[in-house]
2 protein chains.
Amino acid sequence: MLLDNYDIKLLSLLQADSKTSQRQLSEEVNLSPSAVNRRIAALEAAGVIMTTVAVVDPTAVGRPITILVEVKLESERLDLLDQVKKSFANCVQVQQVYYVTGDFDFMLVINVKDMSEYEKLTRELFFSAGNIKTFKTYVAMQRIKVSLNVPLTI
Amino acid sequence: MLLDNYDIKLLSLLQADSKTSQRQLSEEVNLSPSAVNRRIAALEAAGVIMTTVAVVDPTAVGRPITILVEVKLESERLDLLDQVKKSFANCVQVQQVYYVTGDFDFMLVINVKDMSEYEKLTRELFFSAGNIKTFKTYVAMQRIKVSLNVPLTI
DNA sequence: CCTGAAAATCGTGAGAT
DNA sequence: ATCTCACGATTTTCAGG
């Protein structure tokens, strides 16, 4: 999909606050509400807007611990790799999974309510998985910035 | 704020798809639309719902590179620490900043359009900052899972 | 592609329980 | 706390440019 400045501006506004009404968006970008409506629908259909979500404060729901984990595999055989990816991705406590180049293979961002929940998770995800060589745990003392915002200044 | 099962269910639905209409939410949780409306307003006012955002596909807007960076500081003097935090948080390419325990001090998640943009960023954020001892770069080959979802099964 | 109007849907507050 | 109902606003569709 080809994006023009209107689309970029709309994306920028919506990734800052997706509750902005289409009427207000139309004023800010100088288009009619119906044009805005059509463009947003197209951006969603094309997958440029992947989802629209409420961002929940983990602390407010009793899950204050964020943990980063570096994971190194034993074998990078494709089927085993795929299996590990799936087990990570399917875990609800795992918010993010990156497959990376360098000293280790995966970086995970994990949310738990306490360390005992994390300890249980390590057993499920790492110890009993079979293909994990090592993993290194980093506990976040502070979540200084947490977003999925993509720079969109044209 | 104290959350009951209705709130948890609403949060769960909204963090999966915040475009779900309050009418549909009301059917799914067995409440009236106005009750849903009031609860959502309360969750927002209390900061349980921090924001509502459109999640944009970085690749679709020409910014396909995700980079993870481990940063170690020279000094953790409080004022210098604060300065570094701010410079990271204020950078639009920096999506996430975690201050962590362990071998290094910060983990960053960065989005760039290409490596030359990242190279420029390293100069601004690390080399010319003065208080950075080392940083280690990991390029994401694959973003296997990227969300901010908090587990909300009661 | 756009605008503008009509139709459908939605969010929200009042009043009652 | 909740519900129902009604109003106003918003979203969405559609005709015409």
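Quick note: numbers below take in every heavy atom, side chains included, and nothing from hydrogens, waters or symmetry partners. Every chain is numbered from 1 and lettered A, B, ... according to where its sequence line falls, protein lines coming before strand lines.
Residue R23(A) is classed as a sugar-phosphate contact, given heavy-atom separations below 4.0 Å to backbone atoms only.
The side-chain hydrogen bond (donor to acceptor under 3.5 Å, both in side chains) test applied to Q142(A) returns K85(B), not counting sequence neighbours. Checked against side-chain hydrogen bond (donor to acceptor under 3.5 Å, both in side chains), E117(A) has the following partners two or more places apart in sequence or in another chain: R63(A), Q93(A). Applying the side-chain contact (heavy atoms from CB on, under 4.5 Å) test to S87(B) and every residue at least two apart in sequence or in another chain returns L125(B). Partners of E70(A) by side-chain hydrogen bond (donor to acceptor under 3.5 Å, both in side chains), not counting sequence neighbours: none found. For the ring-ring contact (aromatic ring centres under 6.0 Å, His included) test, no residue two or more places apart in sequence or in another chain qualifies with Y118(A).
Between S18(A) and A54(B), the shortest heavy-atom distance links the atoms CB-N, 3.6 Å.
The only option from T51(B), L148(B), V55(B) that meets the side-chain contact (heavy atoms from CB on, under 4.5 Å) definition with V53(A) turns out to be V55(B).
Listed pair R38(A) / dC2(C) meets the phosphate criterion, a side-chain N or O lying under 4.0 Å from OP1 or OP2.
Counting only residues at least two apart or on different chains, the salt bridge (charged side-chain N to carboxylate O under 4.0 Å, His left out) pairs with a member in residues 126-147 of chain A are K136(A)-D103(B).
R39(B) has its CZ atom 18 Å from the C1' atom of dG13(C), to the nearest Å.
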Output a table of donor-acceptor pairs, distance under 3.5 Å, between side-chain atoms of residues 36-49 of chain B and any protein atom two or more places apart or on a different chain; print 'none' if there are none.
residue	atom	partner	partner atom	Å
N37(B)	ND2	Q22(B)	OE1	2.8
R39(B)	NH1	D4(B)	OD1	2.8
R39(B)	NH1	D4(B)	OD2	3.1
R39(B)	NH1	D7(B)	OD1	3.1
R39(B)	NH1	D7(B)	OD2	3.4
R39(B)	NH2	D4(B)	OD2	3.1
E44(B)	OE2	K19(A)	NZ	2.6

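Of the residues in residues 15-22 of chain A, those lying under 4.0 Å from DNA chain D by heavy-atom distance are S21(A), Q22(A). Of the residues in residues 2-12 of chain A, not one places a heavy atom less than 4.0 Å from an atom of DNA chain C. Sorted by residue number, the members of residues 25-37 of chain B with any non-hydrogen atom under 4.0 Å from DNA chain D read L31(B), S32(B), S34(B), A35(B). Near DNA chain D, meaning a heavy atom under 4.0 Å away, there are no residues from residues 40-52 of chain A.
A distance of 6.0 Å or more separates the ring centres of Y98(A) and F104(A).
Atom CD of Q24(A) and atom CG of L13(A) lie 8.5 Å apart (nearest 0.5 Å).
Counting side-chain heavy-atom gaps under 4.5 Å among Ile, Leu, Val, Met, Phe, Trp and Tyr, V92(A) is found in no cluster with other residues.
Salt-bridge check for K120(B) with E124(B): failed, with every basic side-chain N at 4.0 Å or more from each acidic carboxylate O.
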